[in-house]
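Just so it is clear, the structure is predicted and the values come from calculations on it, not from any experiment. Whatever order the structure lists them in is the order used to number ligands and atoms, beginning at 1.
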Amino acid sequence: MSRHELVKPEIAGIAEYVPGRSIGEIARNYGLDPASIIKLGSNENVLGPSSRAIEAIMACAGKVNLYPSADASELVEAISVYTGFPVENICAAGPGMDGLLDNLMRLLISPGDEIILPIPTFSYYEVAARANGAVPVHVDLGEDFVLDVDAVINAESPGTKVIFLCSPNNPTGKQVNEGDLRRILENTRGLVFVDEAYVEFSDHNYASLVNEYDNLIIGRTLSKAFGLAGMRLGYGIMPAWLRQQYMKIATPFNISVPSVVAGVAALSDSGHLQESILCAREGRDFLMENIPFKVYESQANFVLVDVAPLNSGDVSEVLLKKGIIVRDCRSFKGAGDSLIRVTVGTSAQNEKVVEAFEEVSAQV
Ligand SMILES: *Cc1c(COP(=O)(O)O)cnc(C)c1O
């Protein structure tokens, strides 16, 4: 038996996760000063963390010899206040929403269960589900990446366990509309996971539907609008019956002491949140209007640029050499080879992004 055969066969077919590029890597590869690099490849908050979160992290440093509370109850309370849901509907999770997905897949998926994935979308759903033996069923998003709701419903089978919808969708920036979501919820015997990682930047959120549908799970994160990507904090809003089961298998102490206090502090800082939302909304309008390629309308803190007939790999490379990190979307299943996702930056950063795309387009 080869050593590779010791690994579960489910894992063999999973493609390696391609993360956004880091400042250190780009500085080394292109001989750039790290301080000059603009990082717009991972949809982080370009305004930085809330100052309240920074203070809370510093203040807890002397107490990290102690375990955090097993269920992060202080953080769950703060999420309850922020969302308006009782704690019976809330699971706080680490590391990030990815940790929530891992726990949910461990809870729900038996080998052979099917998951439905409209693509292109965030790739970690598939990784977490397949590691537990799920069979992915991909449904192409329709024209201009508008969700083809009939195709999703038609993909349903007796083995369907979870349907993943990302709203606003990463990398397209589009939201699911409410009628479509209701139809999907009403036509599946499985659960629907709606990923609202970017919901603070958008016009609609669907959390209130958890009170109406007992097969809906909402996934959220503090990595984007709340500026805490480095703390790895996520949470879920789900029906009480499901939360009860979830809590049986959730890793105890899965949120660190600094993460708990940072999360509580960030959730209380509505000033920082509003500023972050405004920055993303104004900036995405500016990028839409000024990037000289097709830019999709976005409800998130990023925009999707179609550089066709150019190749997204070549264009990303040109931007990287100028010290602008963007996300080449070729690693997203179903995205083709001309899409680039750009996080909305500060005004100064957005101007540099536009200039760089103008130079690229002038050379076509
Ligand atoms: C960033 C992101 C997440 C993951 O967030 P973490 O909480 O940092 O793990 C989940 N879903 C989507 C669509 C994202 O873009």
What short N/O contacts, under 3.5 Å, does ligand 1 make with the protein, listed by atom pair and distance?
{"residue": "ligand 1", "atom": "7 (O)", "partner": "Met97", "partner atom": "N", "Å": "2.6"}
{"residue": "ligand 1", "atom": "7 (O)", "partner": "Thr221", "partner atom": "OG1", "Å": "2.5"}
{"residue": "ligand 1", "atom": "7 (O)", "partner": "Ser223", "partner atom": "OG", "Å": "3.4"}
{"residue": "ligand 1", "atom": "8 (O)", "partner": "Ser223", "partner atom": "OG", "Å": "2.6"}
{"residue": "ligand 1", "atom": "8 (O)", "partner": "Arg232", "partner atom": "NH1", "Å": "2.7"}
{"residue": "ligand 1", "atom": "8 (O)", "partner": "Arg232", "partner atom": "NH2", "Å": "3.4"}
{"residue": "ligand 1", "atom": "9 (O)", "partner": "Met97", "partner atom": "N", "Å": "3.1"}
{"residue": "ligand 1", "atom": "9 (O)", "partner": "Asp98", "partner atom": "N", "Å": "3.2"}
{"residue": "ligand 1", "atom": "9 (O)", "partner": "Asp98", "partner atom": "OD1", "Å": "3.3"}
{"residue": "ligand 1", "atom": "9 (O)", "partner": "Asp98", "partner atom": "OD2", "Å": "3.3"}
{"residue": "ligand 1", "atom": "9 (O)", "partner": "Arg232", "partner atom": "NH2", "Å": "2.9"}
{"residue": "ligand 1", "atom": "11 (N)", "partner": "Asp195", "partner atom": "OD1", "Å": "3.4"}
{"residue": "ligand 1", "atom": "11 (N)", "partner": "Asp195", "partner atom": "OD2", "Å": "2.5"}
{"residue": "ligand 1", "atom": "15 (O)", "partner": "Asn170", "partner atom": "ND2", "Å": "2.9"}
{"residue": "ligand 1", "atom": "15 (O)", "partner": "Tyr198", "partner atom": "OH", "Å": "2.6"}
{"residue": "ligand 1", "atom": "15 (O)", "partner": "Lys224", "partner atom": "NZ", "Å": "3.0"}

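- Counting only N and O atoms by type, the side chains of Lys321 and Tyr30 include no donor and acceptor under 3.5 Å apart.
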- Message: For Arg281 and Asp203: C-alpha separation, side-chain torsions, deciding distance, then whether salt bridge (charged side-chain N to carboxylate O under 4.0 Å, His left out) applies.
- Response: CA-CA 11 Å; Arg281 285 179 171 259; Asp203 295 337; 3.3 Å; yes

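- In this model, a donor atom of one side chain and an acceptor atom of the other lie less than 3.5 Å apart for Asn45 and Ser276.
- In the displayed structure, Lys8 atom NZ is contacted under 6.0 Å by more than 12 heavy atoms of other residues, nucleotides or ligands.
- For Met58, the CE atom sits in a loose shell: 12 or fewer heavy atoms of surrounding residues, nucleotides or ligands are nearer than 6.0 Å.
- Between Ile340 and Ser316, the shortest heavy-atom distance links the atoms CD1-OG, 3.7 Å.
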